[in-house]
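Structure first, commentary second.
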Amino acid sequence: MTAGNTDYNHKETEKNWTEKWYETDLYKAKDFSDKPKKYILAELPYPSGSYLHVGHMMRYTVPEIRSRYLRMQGYNVLFPMGWDSFGLPAETFAIRTNSTPREVLDKAIPNYKKSMMDMGYAIDWSREMDTSKPETYKWTQWMFLKLWEADLAEVKEMPVWWCEELGVLADEEVLPGDKEGEKVSERGGYPVERKMFKQWILKITDYADKLLEDLDKTDYTDAVKQAQINWIGKKEGANITYEIETPSKTYEKTPTVTCFTTRPDTNFGATFVVLAPKHPLVEKVTTAEQKSEVEKYVKRSLAKSELERTKAKEKTGVFTGSYAINPLNDKKLPVYVADYVMYNYGTGAVVGVPAHDKRDFEFAKAHDLEVVRVVEDPENPDVTEIASLDDIFEGEGIAINSGFLNGLTTKEAIEKTIQYLEEKGFGEKNTTYKLRDQIWSRQRYWGEPIPLIYTKDGKIEPDYDLPLELPELKEEVLKDKAGFPALSEFEDFKKTTDSQGNPATRETDTMPTWAGSNWYYIRYIDPKNNEAFADFEKMKYWLPVDEYYGDAGHTTAHLLYTRFWYKFLYDQGLVPTEEPIKYRMSGGLLLGEDNRKMSKSRPEYVVNPKEVVQTYGADAVRTYLAFIGPYDETYPWNTEGLKAISRFINTVYGMKNKVVADVNDKEVEKAYHQMLKNVTSMCEDFKMNTAVSQLMIFVNIIKKKKQIDSEIWKGFLKVLAPFAPFVTEELWQEVNDAKEWSVENSIHSQAWPKYNEKLAKKDSFQIGVQVNGKVREDIEIDRDEPEESVKKRVLELENVQKYVKGKNIKRFIYVPNKIVSIVVE
RNA sequence: GGGCGAGUGGCGGAACUGGUAUACGCGUCGGUCUCAAAAACCGAUGGGAGCAAUCCUGUGAGGGUUCGAUUCCCUCCUCGCCCACCA
């Protein structure tokens, strides 16, 4: 062993190993290995800017450490990475820099890849995948056509935020403007208005029940499952149909309104009906006298965003002049239009039962409507008057004032009402879901073109000549535009011929940003396949994903859509398993040093990832991110903490000169096996923060020693390797005196060391001695020391004597290796 | 309003199925080195009383179960995330 320099030069070392590792495909995941597989997936980033964001680093580092741990445990591990590159940000950035989205990405992606390599991420780069490349989106388009053929994609008229410059925007992309009631786009600040628009939607609602039931087939945590259940929001109840009477109007056929309710048993207490402003009946049932007021109201409420409607405190609404007839008791219920009722949920019409629903009560109070109590609260049977919101009873009780339902429990009454309604043809049992169909089109350039063709006679045909590529951007189309032109402005693209050779037009909508992210993880399995989105046998080997790590905000919607898309493919026989992802873990947030979200408005608190990697080294940054706290929690960045880890790495490096063969040190040997045991179980449980602390405890012991046994040193390096891959590779090569590096002799190809259970166990314990519940003394005991021996020694202790002397010992409790507890009178 | 989760030193956080609360790290204080400072290294460090042994007190608040509660039960408060006039 040569006594080398003990000052660690991370820059040189990291550069050297980065080149060697990635040139030799050290982290390649082999298809069809004999080893058991693990597919560890981290959400793919949207590549923007010049370097991986520090938040991404926090999101990726810990799962990556786990993937390294599993590889050393003998698994064939797939840890891939790709680019979620379609979408508005690339367009906006391109406009700002006077280039095209592709050009922007061709600069950003290599930067991102380079930064991930700087971090030493054990990524199989041969599987790199980019959602905006034609060879990838060919299959996104192909899958869309399959959905369309299965009637799961359809066109609907929908209100959307429309911006002349940017096209259709999502709710969260729209901000209030400077003027009252004005709306502007989040990017660019262009004016935005509400407009009805033809949109493609995916009918995820057809899969609602399956998505619910099959949660049992996953290992998601209860929190994740609950989030999915809530998002789907399945509710059972009844649809009740009311005939509408409009004074001064005659119809050929009496109009009816259908309302969904989860509590049909309360219908004797109905005193009004409310239509959503967008409900088609509004126009039909409004009387001449009410017309102008209703129209004004509808117009005003359509201009509001969901958010504004939600925030509204008062229950506004306008009477239409018509009445609905309650089939249960022939009562006339005035029909209102009000924006607290949403068109998208249920039937878009609500029957108001103000005595048993807080919102209905507020509406009734605001509009001076009758309140009739029809359920008795078993806990407060005396409350009959309903004076305030606090008197509203929404629970289950006994039916009163309800004709043939009187005396029944809520459950019985619900059943009897439905039975009655169905017999008489007034309504039927029904189930609704909160889950909404997914809007699947954007009127923008930078997305997957929807490969459908409109024939001359109005039919829709699929275009299987895929990929259907985006037309090239030319100077002419770009001129005088604040944003990129929508596809509809590319005349050459639009014009095509149908299957009969007749002139036809193409659909010019593109798919939303999340199209590719619905299935990207399948593509990693076989990214270069041009015959299929992935080879079935390979999918059978790798799927499902074992562990999926990502943003907490994606735990519900993204995961649900991913499952939906996959379940559809499964029903088509195209993928091998029912569920795509076994387990999901979402990461917390990394805050700035000031304990607030990192924001461009406070640049002094935004961590510059490139700088910290260069200053302190990737090993230090990695280990720091693992040490800082549990993966799913939020915590602030702390540069002092990073410096400490950097010192730790240096300390480790400096110890190499003390390494010699055959050192007999029982203390170190024991500490090593204990450390190994603890780190192993902590890596299993994904507790990388405490694993690092175990490594520190061990280093604190060996750094005091004059000599370190080379075998223990090697074992320690292997355990540290997933956290700090660079320095451990350097030290590993040196301790093994390797002449030349190879994939086989890399520390990252080594097996995880095994601990000796006997040595990992403690021989003795410091345990507390309690007298009447208070710790009075410590005593050192042997492992599993018998009670008699412990008792004898304990009672001799001076400080125990003090409290026990002259008193009657009622109980003597001894929990081996844990505690002694004495109870005296 | 609903769902989920969390409240532990000055700070990030440990604590297995109830068993010595505060591991590990930061910060702070003291020391070594230095003309000095920084860096590095060594030591101390929940709060209060005491020269000390030691005692009191302490895991958001209050109560309960227990020999023993950060952990289990009840009531309340605060914060975070997701969803939300969802009938």
Side-chain angles (χ1 to χ4, degrees), chain A residues 221-227 229-231 233 235 237 259-263 266 274 306-307 309-315 338-342 344-353 356-360 362-363 394 432-436 552-557 586 588-589 591 595 624 627-630 632-645 647-648 650-651 681 685 687 689-697 699-700 703-704 765-779 798-799 802 810-824:
Chain A
T221 58
D222 287 343
V224 173
K225 283 185 186 174
Q226 195 57 50
I229 290 167
N230 292 346
W231 190 275
K235 284 219 178 115
C259 301
F260 174 75
T261 173
T262 53
R263 292 290 299 273
T266 62
V274 183
E306 299 257 329
L307 201 70
R309 287 176 47 173
T310 307
K311 278 192 181 154
K313 280 180 213 94
E314 277 174 30
K315 296 265 179 297
D339 63 8
Y340 84 92
V341 172
M342 283 170 305
N344 290 326
Y345 184 75
T347 60
V350 166
V351 54
V353 183
H356 303 284
D357 183 285
K358 290 203 161 118
R359 292 171 313 257
D360 291 349
E362 283 169 344
F363 189 80
E394 290 180 320
T432 39
Y433 301 87
K434 246 195 277 196
L435 183 68
R436 302 214 192 142
H554 297 157
T555 314
T556 18
S586 296
L589 228 57
L591 305 175
N595 222 330
Y624 171 66
F627 179 62
I628 188 170
D632 51 356
E633 298 284 325
T634 293
Y635 27 70
W637 173 269
N638 177 3
T639 304
E640 290 309 314
L642 174 60
K643 284 183 190 166
I645 301 287
R647 281 198 294 272
F648 170 75
N650 273 311
T651 305
S681 81
D685 296 343
K687 289 182 181 164
N689 55 331
T690 51
V692 174
S693 80
Q694 292 298 319
L695 290 163
M696 288 173 168
I697 292 168
V699 167
N700 285 343
K703 76 180 176 190
K704 294 198 177 82
F765 295 84
Q766 278 279 350
I767 66 166
V769 180
Q770 299 181 344
V771 182
N772 282 354
K774 285 212 165 114
V775 178
R776 297 299 180 185
E777 262 293 5
D778 285 351
I779 186 169
E798 196 186 325
N799 221 24
K802 203 164 117 190
K810 252 171 81 183
R811 286 179 72 182
F812 185 92
I813 297 155
Y814 167 59
V815 183
N817 311 332
K818 293 264 165 79
I819 200 140
V820 171
S821 185
I822 304 167
V823 188
V824 296

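A note on names: the letters A, B, ... follow the listed sequences, proteins ahead of strands, and every chain is numbered from 1. Computed from a predicted structure; not experimentally measured.
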Could you check how far CG of N595(A) sits from P of G12(B), rounded to whole Å? 7 Å
Is C55(B) paired to anything, Watson-Crick or G-U wobble with both distances less than 3.5 Å, and if yes, which nucleotide? G48(B)
Under 4.0 angstrom, heavy atoms only, what part of the nucleic acid is G773(A) near: base, sugar-phosphate, or nothing? sugar-phosphate
Could you tell me which nucleotide pairs with G5(B) by Watson-Crick or G-U wobble geometry, both distances under 3.5 Å, or answer none if nothing does? C79(B)
With the side chain of P630(A) defined as its heavy atoms from C-beta on, choose the nearest nucleotide among G12(B), A14(B), G19(B). A14(B)
With a 3.5 angstrom cut-off on both distances, give the Watson-Crick or G-U wobble partner of A36(B), or none if there isn't one. none
What contact category does A644(A) fall into here, base, sugar-phosphate, or nothing, at under 4.0 angstrom with non-hydrogen atoms? sugar-phosphate
Do any side-chain nitrogens or oxygens of K703(A) fall under 4.0 Å of OP1 or OP2 in C42(B)? yes
Is there a side-chain polar atom (N or O) of R647(A) under 4.0 Å from OP1 or OP2 of C26(B)? yes
Counting the atoms with a prime plus P, OP1 and OP2 as sugar-phosphate, which does I697(A) contact under 4.0 Å by heavy atoms, base, sugar-phosphate, or nothing? sugar-phosphate
Quick one: is U54(B) close enough that its OP1 or OP2 comes under 4.0 Å of any side-chain N or O from R776(A)? no
How would you summarise protein contacts on nucleotides 1-10 of chain B per nucleotide, using B for base, S for sugar-phosphate only and - for none, with heavy-atom distances below 4.0 Å? --SS------
Would one find a side-chain N or O of N799(A) under 4.0 angstrom from OP1 or OP2 of C55(B)? yes
Would you tell me if any nitrogen or oxygen in the side chain of N638(A) comes within less than 4.0 Å of OP1 or OP2 on G25(B)? no
On the nucleotide G19(B), are OP1 or OP2 found under 4.0 Å from the side-chain N or O atoms that N817(A) carries? no
Identify the heavy atoms of I628(A) and W637(A) that sit nearest to each other, and give their distance. CD1-CA, 4.5 Å
Which is more 5' along RNA chain B, the nucleotide nearest G641(A) or the one nearest T556(A)? Just name the residue. G641(A)
Which nucleotide in G13(B), G19(B), G25(B) has an atom nearest any side-chain atom of Q770(A): G19(B)
Is NZ or CZ of K315(A) both nearer than 6.0 Å to the six-membered ring centre of Y340(A) and within 45° of the ring axis? yes
Counting only Watson-Crick pairs (N1-N3 plus N6-O4 or O6-N4) and G-U wobbles (N1-O2, O6-N3), all under 3.5 Å, who is the partner of U66(B)? none
Taking a pair as Watson-Crick or G-U wobble with both distances under 3.5 Å, which nucleotide is matched to C24(B)? G12(B)
Proximal nucleotide (of C55(B), G12(B), C41(B)) relative to the T651(A) side chain: C41(B)
